[in-house]
Amino acid sequence: LPYRLYVVRRKSCLSFVAFGIDHDGYDKYIKACKKKGYKDIEYSYDSSFCAKDKKGRELMIGYSDRDQRMDVSVSVD
């Protein structure tokens, strides 16, 4: 499946949904986010991840293997 991306910008967060993502893609995305500074991990499971960066911005990721869907939300200043 080709990737599809839907983005929503709110005052307090940026959210997007990506379709066509397999579990390996989900794992790679989490690894990339950790490299970008989201290292204060609140929880990390097979289908969900939550961490904060040094400025306290929160990143939340949910994953559905059945739907090959990844939901991402990042709080903004």
Side-chain angles (χ1 to χ4, degrees):
L1 290 172
Y3 296 118
R4 289 182 288 158
L5 185 68
Y6 299 95
V7 179
V8 175
R9 172 80 158 108
R10 295 194 177 105
K11 201 171 193 174
S12 62
C13 72
L14 171 68
S15 300
F16 68 87
V17 179
F19 294 90
I21 307 294
D22 62 11
H23 201 275
D24 187 51
Y26 165 72
D27 288 337
K28 287 179 181 177
Y29 191 79
I30 289 174
K31 188 174 182 178
C33 289
K34 288 178 182 177
K35 285 184 179 181
K36 291 290 185 182
Y38 289 91
K39 297 179 181 182
D40 182 11
I41 299 170
E42 293 185 26
Y43 56 84
S44 182
Y45 302 111
D46 197 42
S47 62
S48 61
F49 176 83
C50 182
K52 291 184 179 179
D53 67 3
K54 289 181 183 178
K55 294 183 179 181
R57 291 177 293 215
E58 187 175 64
L59 167 72
M60 295 174 59
I61 304 171
Y63 177 72
S64 169
D65 193 42
R66 186 189 71 196
D67 299 330
Q68 290 196 325
R69 170 186 171 140
M70 186 170 67
D71 297 87
V72 180
S73 178
V74 182
S75 64
V76 294
D77 298 334

To the nearest 0.5 Å, what is the distance between [atom1] on [X] and [atom2] on [Y]?
X: K31; Y: F49; atom1: NZ; atom2: CZ; value: 13.0 Å
X: M70; Y: D65; atom1: CE; atom2: CG; value: 13.0 Å
X: C50; Y: I41; atom1: SG; atom2: CD1; value: 10.0 Å

Inset, instruction - Sequence neighbours left out, what passes salt bridge (charged side-chain N to carboxylate O under 4.0 Å, His left out) with D24? Give chain and number order. - result: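 For D24, the residues satisfying salt bridge (charged side-chain N to carboxylate O under 4.0 Å, His left out) (neighbours in sequence not counted) are K28.
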
Legend entry - Residue list, salt bridge (charged side-chain N to carboxylate O under 4.0 Å, His left out) with D71, at least two apart or on another chain: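 By the salt bridge (charged side-chain N to carboxylate O under 4.0 Å, His left out) rule, D71 matches R69.
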
Legend entry - Donor-acceptor contact below 3.5 Å, side chain Y63 vs main chain I21: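 It does hold such a pair.
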
Legend entry - Side chain proximity check, F19 to Q68, heavy atoms < 4.5 angstrom: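 No, their side chains stay 4.5 Å or more apart.
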
Inset, instruction - Flag the pair D53 / L59 as yes when at least one side-chain heavy-atom distance between them is below 4.5 Å, and no otherwise. - result: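 With C-beta onward as the side chain, the pair stays apart.
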
Legend entry - side-chain hydrogen bond (donor to acceptor under 3.5 Å, both in side chains) partners of D27, counting only residues at least two apart: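 Per chain and number, D27 pairs via side-chain hydrogen bond (donor to acceptor under 3.5 Å, both in side chains) with H23.
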
Just to verify, what does [X] make a side-chain contact (heavy atoms from CB on, under 4.5 Å) with, not counting sequence neighbours?
X: D40; answer: K52
X: K39; answer: none
X: Y45; answer: Y43, S48

So, for [X] and [Y], which heavy atoms are closest and what is the spacing to 0.1 Å?
X: G56; Y: S75; answer: O-OG, 4.4 Å
X: E58; Y: Y38; answer: C-CE2, 4.4 Å
X: Y26; Y: S47; answer: OH-C, 3.4 Å

Legend entry - Same cluster (ILVMFWY, side-chain, under 4.5 Å), V74 and I61: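 Yes; tracing contacts between hydrophobic side chains, which count when under 4.5 Å, links both residues.
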
Legend entry - Shared hydrophobic cluster for M60 and V76 (ILVMFWY, side-chain gaps under 4.5 Å):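 In one cluster with M60: V76, no.
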
